[in-house]
Amino acid sequence: MSESETRTRTVQSELSTEVFDWGSIKWGVSADHFSGAPLTAGEVIINPAKGHDLHTHPNSDEVLYFIDGEGIQTVGDSGEFPVRAGDFVFVPRGTPHSTFNTGWRQLRIIVVYTPGGAELALRDAPDYHLLTPGAAPVWERAR
């Protein structure tokens, strides 16, 4: 793209992939891709029988939209509740939450942070790996 062109979209095959022990993420909208973007949006994949630890985003609200699979979600003191394709979840900033895949297929989620920036903390996770665009994650087969 030339400097005179304004970016209006990202293409999945041209995005890097963030990989963790529990799954992967591709951020499609962020300040990294769109200068001045006030939010971050991406697709999160949580592998079967995996999930991420209870955590917070002190400065961002989070919206989760489940597009495939099934799992268990927590938000604050809600206790565990089931989530599946078509469900939305709202997580207010600073609220502890977690997601766990209870199904046999990948749990796919569209995640939006507003304001954006909460995704930067993931880069400090001990299991964080960044794959270049086009490189596919390699998962170890369950035994």
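Computation of the quantities below employed the complete heavy-atom set of this structure, encompassing side-chain atoms and omitting hydrogens, waters and symmetry-equivalent molecules. Values in this document were obtained by computation on a predicted structure and should not be read as measured data.
Under the side chain to side chain contact (heavy atoms under 4.5 Å, CB included) criterion, Pro133 pairs with Ser16, not counting sequence neighbours. In terms of the side chain to side chain contact (heavy atoms under 4.5 Å, CB included) criterion, Val138 has no residue partners (sequence neighbours excluded). Looking at residues two or more places apart in sequence or on another chain, you find a ring pair (Phe, Tyr, Trp, His ring centres under 6.0 Å) between Trp22 and Phe20, His52.
Pro48 and Gly103 make their closest contact through CB-O, 3.5 Å (heavy atoms, listed as atom of the first residue, atom of the second, distance). When all heavy atoms of Asn101 and Ile46 are compared, the closest pair comes out as ND2-O, 2.8 Å. Across all non-hydrogen atoms, the minimal contact from Thr56 to His97 is CA-CE1, 4.2 Å. Counting all heavy atoms, side chain and backbone alike, Ala31 lies closest to Ala37 at N-CB, 4.1 Å.
Note on Ile110: it clusters hydrophobically with Val63, by side-chain heavy-atom contacts below 4.5 Å among ILVMFWY residues. Ile45 and Leu15 end up in different hydrophobic clusters when Ile, Leu, Val, Met, Phe, Trp and Tyr side chains are linked at under 4.5 Å. Cluster membership for Leu64 and Tyr113, using ILVMFWY side-chain heavy atoms within less than 4.5 angstrom, is shared. A continuous path of ILVMFWY side-chain contacts below 4.5 Å connects Leu122 to Val44, so both sit in one hydrophobic cluster.
Here CZ of Arg9 is found 7.5 Å from CD of Glu14. Values are rounded to the nearest 0.5 Å. If you take OG1 on Thr10 and CZ on Phe34, they are separated by 5.0 Å, rounding to the nearest 0.5 Å. Here Glu18 contributes atom CD and Ser24 contributes atom OG; the two are 9.5 Å apart, rounded to the nearest 0.5 Å. In this structure, CD in Gln12 is found 4.5 Å from NZ in Lys26, a value given to the nearest 0.5 Å. Expressed to the nearest 0.5 Å, how far NE2 of His55 lies from OG1 of Thr99 amounts to 7.0 Å. Atom CG of Leu54 is separated from atom OG1 of Thr74 by 5.5 Å, given to the nearest 0.5 angstrom.
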Tabulate below the donor-acceptor pairs under 3.5 Å that side-chain atoms of residues 78-96 make, not counting sequence neighbours, or state none.
| from | atom 1 | to | atom 2 | distance (Å) |
| --- | --- | --- | --- | --- |
| Ser78 | OG | Val75 | N | 3.0 |
| Ser78 | OG | Val75 | O | 3.0 |
| Asp87 | OD2 | Arg84 | N | 3.0 |
| Arg93 | NE | Asp61 | OD1 | 3.4 |
| Arg93 | NH1 | Asn59 | O | 3.4 |
| Arg93 | NH2 | Asp61 | OD2 | 3.3 |
| Thr95 | OG1 | Pro92 | O | 2.9 |

Please tabulate, one pair per line, all N/O donor-acceptor pairs under 3.5 Å involving side-chain atoms of residues 124-131, not counting sequence neighbours.
| from | atom 1 | to | atom 2 | distance (Å) |
| --- | --- | --- | --- | --- |
| Asp127 | OD2 | Asp21 | N | 2.9 |

Next item on the list: Apply the test side chain to side chain contact (heavy atoms under 4.5 Å, CB included) to residues Val29 and Leu39: give CA-CA distance (whole Å), side-chain angles for both, the deciding distance (0.1 Å), then the verdict.
Entry: CA-CA 7 Å; Val29 175; Leu39 59 82; 3.9 Å; yes
Next item on the list: Would you check, one step at a time, whether the test side chain to side chain contact (heavy atoms under 4.5 Å, CB included) holds for Gln106 with Asp68?
Entry: CA-CA 7 Å; Gln106 291 178 324; Asp68 197 19; over 6 Å; no
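Looking at Thr40, its side chain never comes within 3.5 Å of a backbone N or O of Gly116 through a donor-acceptor pair. Judged by distance alone, the side chain of His33 and the main-chain N or O of Trp27 form a donor-acceptor pair under 3.5 Å.
For residues 29-53, the salt bridge (Lys or Arg N to Asp or Glu O under 4.0 Å) pairs, not counting sequence neighbours, are Asp32-Arg123, Glu43-Arg108.
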